[in-house]
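We count residues from 1, following the sequence as given.
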Amino acid sequence: MSSLLLSNPNLSTSFLPCKIPGYENTRKTAFCPLSRSSKVARCAVDTPSGGNMPTFSRIKVWDPYKRLGISPYASEEEIWGSRNFLLEQYAGHERSEESIEAAFEKLLMTSFRRRKKEKINLKSRLKKQVEESPPWFKNLLNFVELPPKDVIFRRLFLFAFMGGWSIMNSAEGGPAFQVAVSLAACIYFLNEKTKSLARASIIGLGALASGWILGSVVVPMIPTVLIHPTWTLELLTSLVAYFFLFLACTFFK
């Protein structure tokens, strides 16, 4: 009877009309399975505290070159490469990343100051050379100016187009029309700057004459092997004239 009661606690008889108090609860508690939502205490090793991550060994090195592992004469490409390599190697370790970035930024600022100083020194040297140059050279510089880059590129494209047009039509006839258009464009650009049509015309015609004379002298010296068979002396001379017209209308005041 006792074994029967132990095997079936819910059994009721005339002698045992009710359940044994506390027995069922104790049995269920002892064999109750764990639910999915139950929280298990995690070890400190499992937490992403960075304790097991590799630590940058040169965090406290003061010299930024030594901290990044490069020479004091390293280029900017080498500095960038060392920084990227170290950040990839010690990714996730906050102190290591901060130390690498701090050294990298310090070297970038040093490089920027050096380039700025060299640029200022170059301007100072050029200015000093101009001041020490002969009077005729100073007077010549008074007729020259440096326009914005977009103006230079637009006018360079125009005269390069004229040169290409002359080459494409070299078999049909001479470049007389293209030369006339280029001269008119040069005088127009000069008139915009000088506000004097007479001065613009003199400079334009002078540039055309100078280019044509120089081309007539230089072009015959070029070996015939380097010249296309259909390119005549007149065509090659006009190319030199286009270049002189470009210089005159772009850089002359």
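Atom CZ of Phe104 and atom CD1 of Ile100 lie 11.5 Å apart (nearest 0.5 Å). Residue Leu156 holds its CG atom at 8.0 Å from OG1 of Thr250, rounded to the nearest 0.5 Å. Between Glu97 atom CD and Arg83 atom CZ the span is 10.0 Å, to the nearest 0.5 Å. Here the CD1 atom belonging to Ile167 is positioned 5.0 Å from the CG atom belonging to Leu239, to the nearest 0.5 angstrom. Here CZ of Arg199 is found 6.5 Å from OG1 of Thr194. Values are rounded to the nearest 0.5 Å. With rounding to the nearest 0.5 Å, the separation of OG in Ser196 from CD1 in Ile203 is 8.5 Å.
For Val217 against Pro220, the heavy-atom pair with the smallest separation is O-CD, 3.6 Å. When all heavy atoms are compared, the tightest approach of Gly204 to Cys186 is CA-SG, 4.1 Å. Across every non-hydrogen atom of Arg67 and Ser99, the tightest pair is NH1-O, 3.0 Å. Residues Cys249 and Phe159 come closest through the heavy atom pair SG-CE1, 3.6 Å.
Here Tyr90 and Phe56 bring their ring centres to under 6.0 angstrom of each other. Aromatic ring centres of Trp212 and Phe244 lie farther apart than the 6.0 Å criterion allows.
Contact check for Glu101 versus Leu86: no side-chain heavy atoms found under the 4.5 Å cut-off. Contact of the Leu236 side chain with the Thr232 side chain is not registered, since no non-hydrogen atoms from C-beta on lie closer than 4.5 Å. In this structure the side chain of Leu107 reaches within 4.5 angstrom of the side chain of Ile70, judged on heavy atoms. Side-chain contact between Ile59 and Ser96 is present, with at least one heavy-atom pair separated by less than 4.5 Å. Looking only at side-chain heavy atoms (C-beta outward), Ser166 and Phe177 stay at 4.5 Å or farther from each other. Taking the side chain as every heavy atom from C-beta outward, Leu205 and Leu183 approach each other to under 4.5 Å. With contacts defined as side-chain heavy-atom distances shorter than 4.5 Å, the pair Leu233/Ser216 does not qualify. Between Leu68 and Phe85 there is no side-chain heavy-atom pair separated by less than 4.5 Å.
A side-chain N or O of Ser111 and one of Glu76 form a donor-acceptor pair less than 3.5 Å apart.
Linking Ile, Leu, Val, Met, Phe, Trp and Tyr residues whenever their side-chain heavy atoms come within less than 4.5 Å places Phe246 and Val218 in a single cluster.
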Requested in this report: Take Asn169 and Gln178, measure what side chain to side chain contact (heavy atoms under 4.5 Å, CB included) needs, and give me the verdict at the end.
Outcome: CA-CA 10 Å; Asn169 295 338; Gln178 291 86 348; 3.5 Å; yes
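Both tests pass for Arg155 against the ring of Phe189: distance under 6.0 Å to the centre and angle within 45° of the axis.
In this structure, Lys106 contributes its side chain and Tyr65 its backbone to no donor-acceptor pair below 3.5 Å. Of the possible donor and acceptor atoms, one in the side chain of Ser238 sits under 3.5 Å from a partner among the backbone N and O of Leu235. Counting only distance, with no hydrogens or angles, the side chain of Lys193 and the backbone of Phe252 share a donor-acceptor pair below 3.5 Å.
Between Phe161 and Trp165, the two ring planes are tilted [angle within 30° to 60°].
A salt bridge links Arg154 with Asp150: the closest approach of a Lys/Arg side-chain nitrogen to an acidic carboxylate oxygen falls below 4.0 angstrom.
More than 12 heavy atoms of other residues, nucleotides or ligands lie within 6.0 Å of CZ in Arg58, so this atom counts as buried by the packing criterion. Atom CD of Glu94 has 12 or fewer heavy atoms from other residues, nucleotides or ligands within 6.0 Å.
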